[in-house]
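Each remark here refers to the structure printed beneath this line.
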Amino acid sequence: MNVTRGFTGRPRVHNEALPPGQYDAGDDWPVLSAEVTPDLTPAEWSFRVDGLVEEPRSWTWDEAHALPGSVYEGDIHCVTSWSKFGVRFGGVSLDAFLSVVRPHVSATHVVAYSHTGYTTNLPLADVTGGRAWIAWEYDGSPLTPEHGGPARLLVPHLYFWKSAKWIAGLRVLDHEEAGFWEQNGYHARGNPWEEQRYSGD
Amino acid sequence: MTETADTYTPRTRFAVPGRIAVSEQAATLWQTATITGIRRETPHAATFRLAVPDWAGHLPGQHLMLRLTAGDGYVAQRHYSIASAPDDSRHIELTLDHVDGGEVSGWFHTVAEPGDTVEVRGPLSGFFAWPGDRPALLLGAGSGVVPLMSMVRHHRAQGLDVPLRLLVSARSPEELVYAREYGAETTPVFTRSAPEGVVVGRMAAAHVAPLLAEQPPGGWEAYVCGSNGFAEHASRLLVAAGQPVDRIRIERFG
């Protein structure tokens with residue numbers, strides 16, 4: 001341990017919900033995107049799932065909202081080291097979309113892509129089984145554009161760069177293809193509990 | 001019908017990644033850095049010079065992760081942009097605002113002295129880096145000017161003739177980081193108080209439009225860095241003035 005002289009850190013109680021290397025951002029919700037926030041209305045928004053699936057298809061805003069609603073209540077963790085506790089997102093579980101398109105048995109990964117062209121890769125197992133959502137509400141209100149509104153991907157058990165803002169679709173693959181930050185040195189999976197921040201962690 | 005799973009390339013509307021590879025080893029390895037100098041920039045910002053004996057080198061615009069460890073094992077880590085230009089000195093400089101209640105910046109501003117050690121890993125992320133290859137239009141506010149200053153310093157140190165312009169916003173002349181170092185490439189914008197004869201106000205279309213009206217051959221690569229509010233405002237000014245969305249890179253300080 002390389003102790004820093006005179007450093008004590010802020011007063012704290014041990015919080016088992018805080019992954020290693022993270023701090024509690026409290027009421028803050030920092031915005032971290034490398035791109036210009038798009039002007040994207042619900043009417044222009046669509047969500048497509050294709051690739052290795054039986055029936056590729058797209059959903060409009062209204063069609064997606066006709067699916068059974070689902071809520072995530074819990075925590076989120078950003079690779080830049082803030083975590084946010086007790087957030088509440090509303091939307092639809094990705095399982096609801098995937099049950100319609102039916103991924104092939106050979107499918108192992110997805111690339112999520114946004115309406116701006118941002119991409120991020122995820123194992124299929126990380127976006128199924130009630131672990132991922134298309135979210136359009138935050139704390140009971142429409143998701144704001146700078147936080148990915150009108151709709152974003154939400155994969156709260158991984159670092160938040162995996163939760164692509166302005167989500168446009170998923171391509172289902174039988175192999176892994178690095179996305180935007182993953183090509184820029186970030187970890188392929190991004191599990192906060194394992195501190196998978198950068199490639200090689 | 002089943003679609004094939006060929007390599008998928010979405011229609012990217014923002015800066016294409018992957019121009020600059022990041023060394024996996026550099027990104028993974030924590031190194032001990034020793035503070036060798038502290039220089040006050042403004043009442044709220046100071047520059048910390050660090051000796052990093054195994055520093056692999058960086059490109060202007062890159063950042064690093066910095067870690068402080070308390071006696072009970074508690075660790076605090078933050079990302080900071082690198083302020084210095086790449087050179088062979090095995091030293092890097094960070095310019096840190098003293099954030100209210102900030103446990104890491106607070107330590108730097110109230111405890112740190114030359115000889116103290118911290119840990120760093122990096123450089124990280126090639127996305128915001130500028131290797132000096134294309135005309136660069138830089139928009140920064142507050143400590144958001146730090147990675148942009150690395151670019152300006154690199155431009156000078158290498159004697160580059162590729163066009164480079166910097167618009168930097170500060171609350172007042174006293175709050176303008178690196179004020180003494182700016183030259184003809186820089187236009188400061190003051191939001192609260194300004195020197196005699198200089199207009200006070202937010203960065204506006206009037207600052208950005210002339211630069212896009214007289215852009216160099218091939219156009220600008222735009223780099224925006226600052227708070228989220230500034231980044232939103234500045235990136236919208238650029239888009240409104242005609243800068244292509246896919247040639248704007250943004251680093252937001254959360």
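Reminder, nothing fancy here: chain letters follow the sequence lines and each chain counts from 1.
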Exercise. Quick one: of A:G6, A:P20, A:P145, who has the most non-hydrogen atom pairs under 4.5 Å with chain B?
Worked result: A:G6
For this session: Go through the atoms of B:V239 and report whether side chain, backbone, both or neither lie under 4.5 Å from a heavy atom of chain A.
Result: side chain
Exercise. Does any heavy atom of chain B fall under 4.5 Å from the side chain of A:W181, the backbone, both, or neither of them?
Worked result: side chain
Seminar exercise, completed: Pair count under 4.5 Å, heavy atoms only, with chain B: among A:G21, A:G9, A:S33, highest is A:S33
Exercise. Side chain of B:E232, backbone of B:R236: donor and acceptor closer than 3.5 Å?
Worked result: no
Exercise. Does one side chain, of A:Q22 or A:E195, offer a donor that lies under 3.5 Å from an acceptor on the other?
Worked result: no
For this session: Could you look at A:D28 and say if it's the side chain, the backbone, both or neither that has a heavy atom under 4.5 Å from chain B?
Result: neither
Seminar exercise, completed: Exactly one candidate in A:W61, A:F97, A:Y113 meets ring-ring contact (aromatic ring centres under 6.0 Å, His included) with A:F47; the answer is A:F97
Exercise. Is A:R57 paired with A:E55 through a side-chain N to carboxylate O contact shorter than 4.0 Å?
Worked result: no
Problem set entry | A:T37, part contacting chain B, at a heavy-atom distance under 4.5 Å | both
Problem set entry | Toward chain A, the part of B:E251 with a non-hydrogen atom under 4.5 Å | neither
Exercise. If you count heavy-atom pairs under 4.5 Å with chain A, which of B:T117, B:V75, B:V118, B:D116 comes out on top?
Worked result: B:D116
Exercise. Judged by atom type as modelled, is there a donor-acceptor pair below 3.5 Å linking the side chain of A:H104 to the main-chain atoms of A:S106?
Worked result: no
Problem set entry | A:E176 and A:N121 side chains, donor-acceptor separation under 3.5 Å | yes
